[in-house]
Amino acid sequence: FILLHSCFRFYLLVHQQLDISARYDTDCNKSGYIDQSEFLQLLSRINIYLKQEKAIQIYKKFIKEQHNNNQRKSKLSLRNFNKQHGITLEECVYLLRKIRKILHATSENGKDKKRNNTDHRRNEISDAIFDRLFGPEKEVVSAREFLHGFLHWKQNDGGATLEDVRNLFQKLNGMELSQLGEDNDDEEEGGRVDGGKGGDDNDGGKENKEETIDRLHFAEYLFGPHNDAFRPEKVMFDRTLMDKPLSHYWINTSHNTYLTGDQLKSLSSVEMYAAALQRGCKCLEIDCWDSDSKTNTPMVYHGYTVTSKIPFHEIISCVKAYVDANPETLPIILSLENHCTHPFQKTMAQTLETTLGDALYIPKPGMLFLPSPVELVGKVLIKGKRPADKEDDETITVESVDQTLPDGKENSSEPVLPKICPELARLTMFNGVKYRNFEQSNEMSCTDMHSFSELKVSKLTKDPANVPLWRKYNLDHLSRTYPAGGRVDSSNYNPIAAWSLGCQMVALNFQTDDSAMVLNDGRFRENGGCGYVLRPRSTFPMNEDRNSCKGRVMLRIRVLAAACLPKPNGDIAGEVIDPFVVVRVHDMIDSVKVDGSGSSPKTNVIKDLAGMSITGAKNSVVKDITDKSNVIKRSISHQVEILETTERKTDTVKDNGFCPQWDDSEVFSFTVGCPDVAMLQIVVMDDDGGGLLDDTVCKAAIPVSCLRQGYRSVRLNDQYGSQHGPFGFARLLLDVSIEPCP
């Protein structure tokens, strides 16, 4: 089933792989052919809805046509129509292409669209784009036309060369496409499906494959990975950018990494560390507690809850296994929240040294500057607590037990934990220090750092003087932010605000499938998914006014089409989906009041982007504005900055997740105030009646600074930020325009 998608779509796999997939999946009875019942089941699985009698009619008609074609081409046909009651995989792929054209030639209410009989293929968006760019009379486009009329003019790829296009054409024309039905469909569809020979009756050699592509291969390019909306140079790992101090980077960070669910009663698992590392996380949290063991074995769990416990040494072994398998990994930071007594701390130190060995980075005393990621390749760093100064009262702030009181105030009764034993302190690179004020913080050692709850972030940014001071602090020190204690459901806060302040470690609950994690996955797709992204200029201290976000832009999006959308959660069974697309832009806007009145906010609820609520934000307000153009803005208001999310939605396409198309005349416009921090989020939903009944199908996020203009393809992911299984070929086609605001 999955590979049938790939054969129909873009980067097509070889025929042998398709045969294997068909034998073990689509060809359920292992007959070597796809019979009528298997074909009907396949239509449902890939989200194509046709009335059963219509689907059977199309299937039988196709078999008859193929039988007649075989007889006409060869008297010794390899297929015996009287004995074989099915179609081959190659024929099935070709039939799906014909059905796609039928779907696009039919309106939502099932009536045929008005069209010229010779031009019904023009209902497909790829053909419409081809017509606009190169003319409706053409069936192929030359490399030179593609370069100047498309890449340079529409796609804004001014650096592309003719040699680049020729290499691209050779790759596209090298794809295996079904060669069935050429005789039939030249008349029926007005074009060839002969694997991209460009309509010329030559030998199809290398020279021709470099010089032209046909409409079918142009469509594959539009949706394919070569046309990804994410700038390819931003996706690639750039080692030359890794020579700055650690404080100059956003670092992919997890909160309470061990938990599989909520913060109160879920299971703890070592597998969550493996999953986080594979997802690109480079800062893992470990909550350490004494156990009843006579061997002084520390246990990891969420204190004062009924979450299950896992041994500390198993987590360290997991980290070591990852480093061994990925010796070129950029540094991994273990954030230790230490509740252990000295005997257990000594066991922790011994475990770290013996298990990690040379991979453990042991800091040198008196460090003046933070090292760079490239200096720490393959190393594991410890964040924790060193012996405290007298003025720090030798206490440790317990961030994950940061319980929010019912009146919205943070719990000030922080537990006093034991001093750190010398054996563990010697291994600790980053020393957690309680925050008092930024003037004092900026005088600290570069290895001293603060952790802030999301409510503390909100509170601090209400004072305009704190913003430049915080950014100055983040120039040479690390800041870590984490979810409020009231988020017992493991929901997340929007990371955009903390990123804009220059906070490097914006810790999120990786186990939760919400908008914040989609943004995090999109942010850290940059730089090869290595977990380190060089912060933009606006997050550093500026000499001018506090509004460091310069260069407002107008972002315009047209949602055109999608392909190979799975069912929600990647399910095999279930009804055909009714997709619609939600487009959001998350941005930072300076010095704006949401209500415009200047009066103090009156609500104590912040609603995050996943639709979940937390209490305790007495001085913040959320305002939802819905107008007739279906624009929704959710903004968290401060006196200094506003986190603004603007949302637009498409109409619903009924009963088609295989190749839905939307009204290409509808333009979604967004004014982006801070484009180097702002992010575009795409969510494909299944319309089940609106509101909470709608299911999420797939999603993606791209930093606005990484967006490419023109007709672009967006890679859609599952809830874990990956493209595994039926999500492997899900794509969305957009028309993107970015212009400076006047």
Side-chain angles (χ1 to χ4, degrees), residues 237 239 242-247 249-254 257-258 269-288 297-298 300 310-338 340 344-365 367 369-386 420-432 446-447 449 478 480 504-505 507 510 524 527-533:
F237 174 66
R239 191 180 182 89
M242 296 291 103
D243 59 354
K244 306 291 189 298
L246 286 173
S247 56
Y249 298 87
W250 286 320
I251 303 173
N252 200 352
T253 302
S254 168
T257 313
Y258 49 88
S269 173
V270 177
E271 293 179 1
M272 299 304 292
Y273 289 88
L277 288 167
Q278 290 296 329
R279 202 167 179 173
C281 183
K282 287 298 184 285
C283 181
L284 310 169
E285 185 172 21
I286 309 176
D287 290 1
C288 306
T297 301
V300 176
I310 51 178
F312 175 79
H313 67 83
E314 291 186 6
I315 297 172
I316 306 306
S317 296
C318 175
V319 173
K320 180 61 164 68
Y322 179 84
V323 174
D324 288 343
N326 302 272
E328 294 300 311
T329 182
L330 294 182
I332 297 170
I333 301 171
L334 301 183
S335 179
L336 303 183
E337 188 172 301
N338 192 352
C340 293
F344 288 86
Q345 290 183 27
K346 291 178 181 179
T347 302
M348 291 169 60
Q350 182 180 11
T351 299
L352 289 169
E353 291 198 81
T354 57
T355 303
L356 296 176
D358 292 340
L360 179 63
Y361 180 81
I362 301 178
K364 298 177 181 179
M367 189 178 295
F369 304 99
L370 291 177
S372 67
V374 76
E375 295 177 271
L376 299 169
V377 167
K379 295 296 184 180
V380 178
L381 283 59
I382 305 301
K383 169 191 171 295
K385 188 74 175 177
R386 293 195 293 269
I420 303 301
C421 73
E423 293 86 347
L424 187 57
R426 182 179 70 89
L427 309 180
T428 302
M429 169 73 170
F430 297 110
N431 177 37
C446 64
T447 58
M449 63 172 292
L478 297 184
R480 181 177 183 270
Q504 299 86 358
M505 302 177 179
F510 270 48
F524 289 102
N527 203 25
C530 70
Y532 286 79
V533 172

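- Taken from OH in Tyr273 to CD in Glu285, the straight-line distance is 7.5 Å, to the nearest 0.5 Å.
- Taking each heavy atom of Gly378 and Ala359 in turn, the nearest pair found is O-CB, 3.7 Å.
- Sorted by first and then second residue, the salt bridge (charged side-chain N to carboxylate O under 4.0 Å, His left out) pairs involving residues 275-284 (not counting sequence neighbours) are Arg279-Asp521.
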Audit row: Ile333, Met505, side-chain contact (heavy atoms from CB on, under 4.5 Å) steps and yes/no
CA-CA 10 Å; Ile333 301 171; Met505 302 177 179; 3.3 Å; yes

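- Closest heavy-atom contact between Pro363 and Met367: CB-CE, 4.3 Å.
- Between Met449 and Gln504 the shortest side-chain heavy-atom distance does not fall below 4.5 Å.
- Of all heavy-atom pairs spanning Ile310 and Val270, the tightest one is CD1-N, 3.9 Å.
- Here the straight-line distance linking atom CZ of Phe430 with atom CD1 of Ile382 works out to 10.5 Å at 0.5 Å rounding.
- Nearest heavy atoms, Ser335 versus Cys283: CB-SG, 4.2 Å.
- Between Pro298 and Thr347, the shortest heavy-atom contact is CD-CG2, 3.8 Å.
- From Leu334, atom CG reaches atom OG1 of Thr428 across 10.5 Å, with rounding to the nearest 0.5 Å.
- Arg386 CZ to Thr447 OG1: the interatomic distance, rounded to the nearest 0.5 Å, is 4.0 Å.
- Contact check for Lys385 versus Asn431: side-chain heavy atoms found under the 4.5 Å cut-off.
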Can you list, pair by pair, the side-chain donor-acceptor contacts under 3.5 Å of residues 312-321, counting residues two or more places apart and other chains?
from   : atom 1 : to     : atom 2 : distance (Å)
Ser317 : OG     : His313 : O      : 3.0
Lys320 : NZ     : Asp324 : OD1    : 2.6
Lys320 : NZ     : Asp324 : OD2    : 3.0

With side-chain contact (heavy atoms from CB on, under 4.5 Å) as the criterion, how do Val323 and Leu356 come out once you've worked through the C-alpha distance, each side chain's angles and the decisive distance to 0.1 Å?
CA-CA 9 Å; Val323 174; Leu356 296 176; 5.8 Å; no

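- Within 6.0 Å of the CD atom in Glu353, the count of heavy atoms belonging to other residues, nucleotides or ligands exceeds 12.
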CA sep, side-chain torsions, deciding dist, call: Met272, Phe510, side-chain contact (heavy atoms from CB on, under 4.5 Å):
CA-CA 9 Å; Met272 299 304 292; Phe510 270 48; 5.7 Å; no

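- To the nearest 0.5 Å, the span separating CG on Asp358 from NZ on Lys379 amounts to 6.0 Å.
- Within 6.0 Å of the CZ atom in Phe369, the count of heavy atoms belonging to other residues, nucleotides or ligands does not exceed 12.
- Counting only heavy atoms from C-beta outward, the side chains of Leu330 and Tyr249 never approach each other to under 4.5 Å.
- Taking CD1 from Ile420 and CG from Leu427, the interatomic distance works out to 11.5 Å, rounded to the nearest 0.5 Å.
- With 3.5 Å as the limit, one finds a donor-acceptor pair spanning the side chains of Asp287 and Tyr258.
- Side-chain contact between Leu246 and Pro331 is present, with heavy atoms from C-beta onward closer than 4.5 Å.
- Remark: side-chain polar atoms of Glu423 are not paired, donor with acceptor, to backbone N or O of Ala349 under 3.5 angstrom.
- Asn252 places a side-chain N or O within 3.5 Å of a backbone atom of Gly280 that can act as its donor or acceptor partner.
- Contacts of Thr257 classified as side chain to side chain donor-acceptor pair (under 3.5 Å), with partners at least two apart in sequence or in another chain: Ser254.
- Nearest heavy-atom pair, Met429 versus Pro371, reported as atom, atom and distance to 0.1 Å: CE-CD, 3.7 Å.
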